[in-house]
Student: 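Sharing a structure with you now.
Each residue takes its place number in the sequence, starting with 1.
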Amino acid sequence: MLALALDGWKMTARYLDNGPDARVTIRLREMNLDTGEFTNIFKIDSDDYAADELYQTQNKDFELGCFSSYSFDFSNHAYYVVVKLEKTGLAGRAGISAMRIEPTNCLL
């Protein structure tokens with residue numbers, strides 16, 4: 001019998017990357033409030049998916065995976081998202097309209 005557990009995380013982004021002259025990267029970062037140390041928690045890179053002339057929505061599970069020991073610690077850390085839009089040629093079109101982080105189900 002399979003059961004579901006909310007033990008994973010995923011990021012979903014709606015972005016525009018129309019080809020080789022454009023790129024969108026979205027990173028979730030964590031900062032330790034005591035030390036100021038930064039850690040990259042998660043990244044979506046539009047070059048990992050097929051280009052499209054229209055906005056597209058992609059999602060990806062955290063690299064930490066299901067049942068990892070990672071948990072958000074809002075008492076000791078701050079979290080923020082860094083979005084980088086790149087246009088390297090005249091034909092390039094890069095944009096972002098939304099992103100979210102949500103719990104995801106893992107199969108038991």
Student: If you take all heavy atoms of Leu28 and Met11, which pair is closest and at what distance?
Tutor: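 Closest heavy-atom pair between Leu28 and Met11: CB-CE, 3.8 Å.
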Student: To the nearest 0.5 Å, what is the distance between CE on Met31 and NE2 on His77?
Tutor: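 Met31 atom CE to His77 atom NE2 measures 9.5 Å (nearest 0.5 Å).
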Student: Would you say that Gln56 contacts Tyr15 through its side chain, given a criterion of any heavy-atom pair below 4.5 Å between the two side chains?
Tutor: yes
Student: Just jot down the side-chain hydrogen bond (donor to acceptor under 3.5 Å, both in side chains) partners of Asp21, sequence neighbours excluded, or say none.
Tutor: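 If we apply the side-chain hydrogen bond (donor to acceptor under 3.5 Å, both in side chains) test to Asp21, skipping adjacent residues, there are no hits.
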Student: Is there side-chain contact between Val24 and Leu16, with heavy atoms separated by less than 4.5 Å?
Tutor: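 Side chain of Val24 against side chain of Leu16, heavy atoms only: no contact under 4.5 Å found.
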Student: Quick one: list whatever passes side-chain hydrogen bond (donor to acceptor under 3.5 Å, both in side chains) with Thr88, sequence neighbours left out.
Tutor: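 None.
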Student: Sort and list the pairs that fulfil side chain to side chain donor-acceptor pair (under 3.5 Å) and have at least one residue in residues 89-101, not counting sequence neighbours.
Tutor: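 The answer is Glu53-Arg93, Arg100-Glu102.
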Student: I want to check something: taking the side chain as every heavy atom from C-beta on, are Lys43 and Arg27 in contact at a cut-off of under 4.5 Å?
Tutor: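 A side-chain contact exists here, since the closest heavy-atom pair is under 4.5 Å.
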Student: Working to the nearest 0.5 angstrom, can you tell me the gap between Ser46 OG and Leu85 CG?
Tutor: 9.0 Å
Student: Say you draw a straight line from CD1 of Ile41 to CZ of Arg29; how long is it, rounded to the nearest 0.5 Å?
Tutor: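 Rounded to the nearest 0.5 Å, the CD1-CZ separation comes to 9.5 Å.
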Student: Going by the salt bridge (charged side-chain N to carboxylate O under 4.0 Å, His left out) test, which pairs reach into residues 78-92, not counting sequence neighbours?
Tutor: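 Pairs touching residues 78-92 that pass the test: none.
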Student: Roughly how far apart are Phe42 CZ and Tyr79 OH, rounded to 0.5 Å?
Tutor: 15.0 Å
Student: Tell me the closest heavy-atom pair linking Tyr55 and Gly95, and the distance in Å.
Tutor: OH-CA, 3.7 Å
Student: Go through the structure and list residues passing side-chain hydrogen bond (donor to acceptor under 3.5 Å, both in side chains) with Asp47, not counting sequence neighbours.
Tutor: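 For Asp47, the residues satisfying side-chain hydrogen bond (donor to acceptor under 3.5 Å, both in side chains) (neighbours in sequence not counted) are Arg23.
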Student: With Asn76, which residues qualify under side-chain hydrogen bond (donor to acceptor under 3.5 Å, both in side chains), at least two apart?
Tutor: Asp73
Student: Is a side-chain N or O of Asp17 found less than 3.5 angstrom from the main chain of Gly19, in a donor-acceptor match?
Tutor: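 Side chain of Asp17 to backbone of Gly19: a pair is present.
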Student: How long is the span from the CG atom in Asp45 to the NZ atom in Lys60, to the nearest 0.5 Å?
Tutor: 7.5 Å
